[in-house]
Amino acid sequence: LRSFARTASGKEKDDFHFSEPTTETLIRRTAAPRASYGANLLSLSATPPRDFRVRYTEPGSPAATVANGQPNLERGSRILRINGVDFVNASSRADVDQLNAALFPAAAGVTTTFTVQDADGAQRTVTLTSVNLSPKPVNRTSIISTSSGNVGYIVFNTFSPFVSEREIVDAMTQMRATGVNDLVLDLRYNGRGLLAVASQLSYMVAGDTRTRNQAFERLQFNAAAGNRNPVIGGVNQPIPFYTTGQGFSVPNGTSLPALNLPRVFVLTTASTCSASEAVINGLRGVGVEVILIGNTTCGKPFGFYPQDNCGETYYTIQFQGVNTLGFGDYADGFIPNNSTASFGVRLPGCSVADDLTRELGDPNEGLLSAALAYRSSFACPTTTAAEAARARSDDPEGTVKGPPIDMPQPTVMEINRDMSTPPQR
């Protein structure tokens with residue numbers, strides 16, 4: 001069933017086949033808590049000299065707890081030592097096993113001491129104890145006051161689990177109550193989730209007039225399927241723009257708030273994938289201008305229906321998602337218009353490196369600052385030599401031989417359109 005076709009850029013079209021124990025699928029879908037300190041990490045180099053940075057922290061987690069006037073861990077904090085072991089340069093298997101066990105605790109109650117270097121260069125030592133934690137879909141929101149009106153800002157990190165429906169509805173309700181006339185949707189780390197929630201979010205951005213009787217996404221199977229959905233049977237009906245709660249965590253039939261915006265600013269990186277890209281594509285299909293600030297998205301217009309068999313859940317690419325205009329050819333990702341990349345679907349906006357020197361939501365943080373500037377002047381920032389030197393890849397890249405840190409790899413559920421239907425009430 002796997003395709004070995006390649007995109008225009010030469011990358012594999014189907015890099016998404018996977019299987020995993022069904023228990024793992026259910027844990028992620030239901031947001032079962034897992035042991036964690038509450039820090040999401042970026043691996044810039046998994047082998048010596050290692051370079052792990054904090055991308056963001058979960059609200060209310062040990063990592064986010066304020067001590068001595070600042071959070072235990074901050075965005076951009078680099079890990080230097082763990083329990084006295086040199087994290088950057090350790091080369092023995094025994095040391096690396098110890099680092100792995102401490103960095104990714106197997107249970108709650110594990111106490112670990114970290115020496116970190118913050119983005120400003122200061123070093124400090126903090127002690128954290130792991131807790132059972134469920135990642136928060138809406139990490140933070142804010143209202144930014146400008147001379148031309150209020151701008152809403154939402155960090156939305158996952159369209160799953162079921163609680164994501166409630167959290168994004170609450171966030172959009174806040175935006176509407178404040179009367180924002182523009183929205184910055186931060187999807188830079190959002191690669192997955194419930195397609196129904198992606199549809200709801202898109203409706204809440206665009207409003208009723210643009211979306212009425214329009215398809216959010218059509219599932220395009222192969223020619224042999226005709227007008228049938230070969231997975232669930234019956235006519236292949238398009239996924240609409242859902243205007244009400246779907247019963248995941250918002251009661252079925254509850255009217256959703258709508259901002260009725262003609263445009264939206266979307267912050268992106270290579271981690272912006274699947275359901276997030278469906279939002280970009282779905283909104284473009286009904287005439288909402290999507291302004292891209294950041295980097296090329298992952299390029300996954302494909303999806304599947306997870307299928308359990310004897311305790312193992314299989315993910316096999318079954319369809320391509322297209323918008324109401326029939327467009328879905330973005331396997332090389334969406335890219336800002338001024339990007340130097342040779343492949344990808346160009347959208348208005350600016351190519352900007354992810355900025356780990358400031359917290360998400362800080363108006364001076366690189367991507368958000370660029371969005372606010374583009375909003376007022378339609379101009380992109382000029383990248384200085386220093387900024388270019390700080391720009392880094394999202395992919396681990398070791399430079400010296402030595403055992404790597406076993407960074408948990410994204411599972412297929414983290415880069416997947418989840419076709420789950422709402423639970424029965």
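This structure is a prediction, so every number in the text was calculated from the model and none was measured.
- With hydrogens and angles ignored, the 3.5 Å screen pairs a side-chain donor or acceptor of D186 with a backbone N or O of R188.
- Under a 3.5 Å cut-off, the side chain of D86 and the backbone N or O of A90 do not form any donor-acceptor pair.
- Formation of a donor-acceptor pair under 3.5 Å by the R358 side chain with backbone atoms of A119 is not found in this model.
- The line from OG of S351 to CG of N295 is 5.0 Å long, rounded to the nearest 0.5 Å.
- Looking only at distances, no side-chain donor or acceptor of S145 sits under 3.5 Å from a matching main-chain atom of N150.
- Between V290 and R263, every side-chain heavy-atom pair lies at or beyond the 4.5 Å cut-off.
- Considering every non-hydrogen atom in both M175 and L183, the closest pair reads SD-CD1, 4.1 Å.
- Under the 4.5 Å side-chain criterion, counting only non-hydrogen atoms from C-beta, V96 is in contact with I405.
- Under a 3.5 Å cut-off, the side chain of N309 and the backbone N or O of E312 do not form any donor-acceptor pair.
- Of the charged side-chain nitrogens involved, none lies within less than 4.0 Å of a carboxylate oxygen, so that K300 and D14 do not count as a salt-bridged pair.
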Item to complete: Before giving the answer on side chain to side chain donor-acceptor pair (under 3.5 Å), spell out for T22 and T313 the whole-Å C-alpha distance, their side-chain angles and the decisive distance to 0.1 Å.
Response: CA-CA 5 Å; T22 299; T313 294; 2.7 Å; yes
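- A cation-pi arrangement is present between R55 and Y189 under the rule of less than 6.0 angstrom and at most 45 degrees off the ring axis.
- Contact annotation: the side chain of V264 approaches that of L283 to within less than 4.5 Å [non-hydrogen atoms, C-beta and beyond].
- The pair E24-R34 meets the salt-bridge criterion, since a charged nitrogen lies less than 4.0 angstrom from a carboxylate oxygen.
- With values rounded to the nearest 0.5 angstrom, E289 atom CD is found 12.0 Å from L261 atom CG.
- Using a 4.5 Å heavy-atom cutoff, the side chains of Y305 and I232 are in contact.
- Residue pairs meeting the ring pair (Phe, Tyr, Trp, His ring centres under 6.0 Å) criterion with at least one partner in residues 268-300, sequence neighbours excluded, are absent.
- Closest heavy-atom contact between G349 and P336: C-CB, 3.9 Å.
- The salt bridge (charged side-chain N to carboxylate O under 4.0 Å, His left out) check on R176 picks up nothing, with sequence neighbours excluded.
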Discussion item. One pair to check against side-chain contact (heavy atoms from CB on, under 4.5 Å): T57 and N40. What are the steps and the verdict?
Written reply: CA-CA 6 Å; T57 59; N40 182 279; over 6 Å; no
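- Here the side chains of F319 and Q220 are not in contact, with every heavy-atom distance at 4.5 Å or above.
- Residues Q70 and R124 have side chains in contact (heavy-atom distance under 4.5 Å, counting atoms from C-beta outward).
- Nearest heavy atoms, V163 versus P137: CG1-CG, 3.9 Å.
- A cation-pi contact, defined as under 6.0 Å to the ring centre and within 45° of the axis, links R2 to F4.
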Item to complete: Show your reasoning for whether side-chain contact (heavy atoms from CB on, under 4.5 Å) applies to M172 and I154.
Response: CA-CA 9 Å; M172 295 296 279; I154 301 174; 3.7 Å; yes
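- Distance check: F156 CZ to I168 CD1 gives 4.5 Å after rounding to the nearest 0.5 Å.
- Counting heavy atoms from C-beta outward, F304 and F16 have side chains that approach closer than 4.5 Å.
- Heavy-atom contacts from other residues, nucleotides or ligands closer than 6.0 Å to CG of D120 number more than 12.
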Worksheet item: Is there a side-chain contact (heavy atoms from CB on, under 4.5 Å) between D182 and R375 once you walk through the steps?
Response: CA-CA 9 Å; D182 264 313; R375 175 179 178 267; 2.7 Å; yes
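- Evaluated for a side chain to side chain contact (heavy atoms under 4.5 Å, CB included) with I82, the options L99, V116, T113, N100 yield exactly one hit, L99.
- For T272 (side chain) and N190 (main-chain N/O), no donor-acceptor pair under 3.5 Å exists by modelled atom type.
- T111 and T129 form a side-chain donor-acceptor contact under 3.5 Å, judged by distance and modelled atom types alone.
- Taking the six-membered ring where the residue is Trp, the centroids of Y37 and F114 are separated by under 6.0 Å.
- S164 places a side-chain N or O within 3.5 Å of a backbone atom of F159 that can act as its donor or acceptor partner.
- Between Q123 atom CD and T115 atom OG1 the span is 7.5 Å, to the nearest 0.5 Å.
- For the residue pair L103 and L41, the shortest heavy atom distance occurs at CD1-CD1, 3.8 Å.
- In this model, no donor atom of one side chain and acceptor atom of the other lie less than 3.5 Å apart for S160 and T158.
- One N or O on the side chain of T173 and one on the backbone of V169 form a donor-acceptor pair closer than 3.5 Å.
- What you find for S148 and N181 is that their closest heavy atoms are O-ND2, 2.9 Å.
- Between the CD1 atom in I239 and the OG atom in S199 there is a gap of 7.5 Å [rounded to 0.5 Å].
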Practice prompt. Mind running side chain to side chain donor-acceptor pair (under 3.5 Å) on T7 and D332 for me, showing each step along the way?
Written response: CA-CA 7 Å; T7 70; D332 280 315; 2.8 Å; yes
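- In this structure a side-chain-to-backbone donor-acceptor pair under 3.5 Å is missing from S130 to P105.
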Item to complete: Just do the side-chain contact (heavy atoms from CB on, under 4.5 Å) check on L347 and I280 with the steps written out, would you?
Response: CA-CA 10 Å; L347 304 185; I280 294 170; 3.7 Å; yes
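- In this structure, F241 has its ring center at least 6.0 angstrom away from the ring center of Y203.
- Scanning all heavy atoms of the two residues, the minimum distance from A196 to F248 falls at CB-CE1, 3.7 Å.
- Inter-residue side-chain proximity for Y153 and L368 is flagged as met; some heavy-atom pair is nearer than 4.5 Å.
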Worksheet item: After noting the C-alpha distance and the side-chain angles of E20 and Y315, does the key distance pass the side chain to side chain donor-acceptor pair (under 3.5 Å) rule?
Response: CA-CA 9 Å; E20 66 177 357; Y315 305 85; 3.0 Å; yes
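- In terms of modelled atom types and a separation under 3.5 Å, the side chain of N89 and the main chain of P49 share no donor-acceptor contact.
- At least one test fails for K13 against the ring of F302: distance under 6.0 Å to the centre or angle within 45° of the axis.
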Item to complete: Could you give me the CA-CA distance, side-chain angles and deciding distance for R75 and D118, then say whether salt bridge (Lys or Arg N to Asp or Glu O under 4.0 Å) is met?
Response: CA-CA 8 Å; R75 178 168 163 81; D118 292 329; over 6 Å; no
Worksheet item: side chain to side chain donor-acceptor pair (under 3.5 Å) between Q200 and E165: does it pass, once the steps are laid out?
Response: CA-CA 8 Å; Q200 290 173 311; E165 182 185 36; 2.8 Å; yes
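- The distance from atom CZ of R284 to atom OG of S202, rounded to the nearest 0.5 Å, is 13.0 Å.
- For the pair K11 and D15, the salt-bridge criterion is not met [side-chain N within less than 4.0 Å of a carboxylate O].
- With respect to D51 and R53, a salt bridge is recorded, a charged nitrogen being found less than 4.0 Å from a carboxylate O.
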